[in-house]
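Notes follow once the structure below has been shown.
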Amino acid sequence: MSPRDELFSDLLPGIRIGIDMDGVLADFNTGWMTRYNADFGTNLAASMVQQWDGLYTLTHFASMAEFWAWAQGDGRSTFRDAPPLPGAIEAVKRIGARHRVCIVSSKFDWAIPDSLAWLADHDVPAREVHFLWDKTLAGCDIYLDDAPHQLEELTAGLPEAVVCRMVHPWNHAMDGVIDVHSWEEFERVVERVAAEREVSRASG
């Protein structure tokens, strides 16, 4: 392969890293709470979120359906304005320089344009973007997610993949899932797995 062919090759030397957005790259809770506080004069903080899929209980909404109807906004959803989680953008850029970053996120149709805009706003070096309810279809070597049901489905559906949990109060430890508390921890997992798979390929 010539230097030019290598520069433009889709066959990156590393592995496929499947990265979720909300709760992993983006601080969705701070984003929606900032808007909610401005709209309704409250003082919600992200630390108040302690369970999965129960956000409406912190608000005056009667259900998640009502919450999502509000979050959709009028031309700009709460997905667009979420700040990045600490260290996320810097780490994903370092990972993207060595491996194939695949964004793998579950989104309502109305949230997709703002989610794509968010990735562009923050210069996320994604070679692939997948909006999937079944994340196993992305076929990644490593996944990083925070949703309990997604972590369960990934470990069950892709036993050969390495599945990592971004630790938050709304998820819990699971058999077969690696806990990471920061992006720095996740980078170390990526490099360890990449080195192990390179040795396996070389000896196979």
How about [X] and [Y]: do any of their side-chain heavy atoms sit closer than 4.5 Å?
{"X": "Val24", "Y": "Trp183", "answer": "yes"}
{"X": "Ile17", "Y": "Leu144", "answer": "no"}
{"X": "Phe67", "Y": "Leu58", "answer": "no"}
{"X": "Thr155", "Y": "Met174", "answer": "no"}
{"X": "Arg127", "Y": "His99", "answer": "no"}

Ser77 (side chain) donor-acceptor with Gly73 (main chain) under 3.5 angstrom: no

message: Test side chain to side chain contact (heavy atoms under 4.5 Å, CB included) on Gln72 and Phe108; report intermediate values, then the result.
response: CA-CA 10 Å; Gln72 186 169 352; Phe108 301 111; over 6 Å; no

message: Let me check something: do Val189 and Leu158 share a hydrophobic cluster, defined by ILVMFWY side-chain heavy atoms less than 4.5 Å apart, either directly or through other members?
response: no

message: Hydrophobic cluster membership, with links at side-chain heavy-atom distances under 4.5 Å among I/L/V/M/F/W/Y: are Tyr143 and Val177 in one?
response: yes

message: Classify the ring geometry of Trp118 against His122: parallel below 30°, tilted from 30° to 60°, perpendicular beyond 60°.
response: tilted

message: For Arg100, is there an ion pair with Asp141 - N to carboxylate O distance below 4.0 angstrom?
response: no

- request: Run the salt-bridge test on Arg188 and Glu184 with the 4.0 Å N-O cut-off and return the result as yes or no.
  value: no

- request: Identify, with sequence neighbours excluded, every residue that meets salt bridge (charged side-chain N to carboxylate O under 4.0 Å, His left out) alongside Asp146.
  value: none

message: Please confirm whether the ring centroid of Phe61 lies under 6.0 Å from the ring centroid of Trp68.
response: no

Side-chain donor-acceptor pairs under 3.5 Å in residues 39-55, sequence neighbours left out?
{"from": "Asp39", "atom 1": "OD2", "to": "Trp70", "atom 2": "NE1", "distance (Å)": "3.0"}
{"from": "Thr42", "atom 1": "OG1", "to": "Asn37", "atom 2": "OD1", "distance (Å)": "2.8"}
{"from": "Gln50", "atom 1": "NE2", "to": "Ser47", "atom 2": "O", "distance (Å)": "2.9"}

Side chain to side chain contact (heavy atoms under 4.5 Å, CB included) against Leu119, all qualifying residues, sequence neighbours excluded: Met21, Leu25, Ile103, Val124, Val129

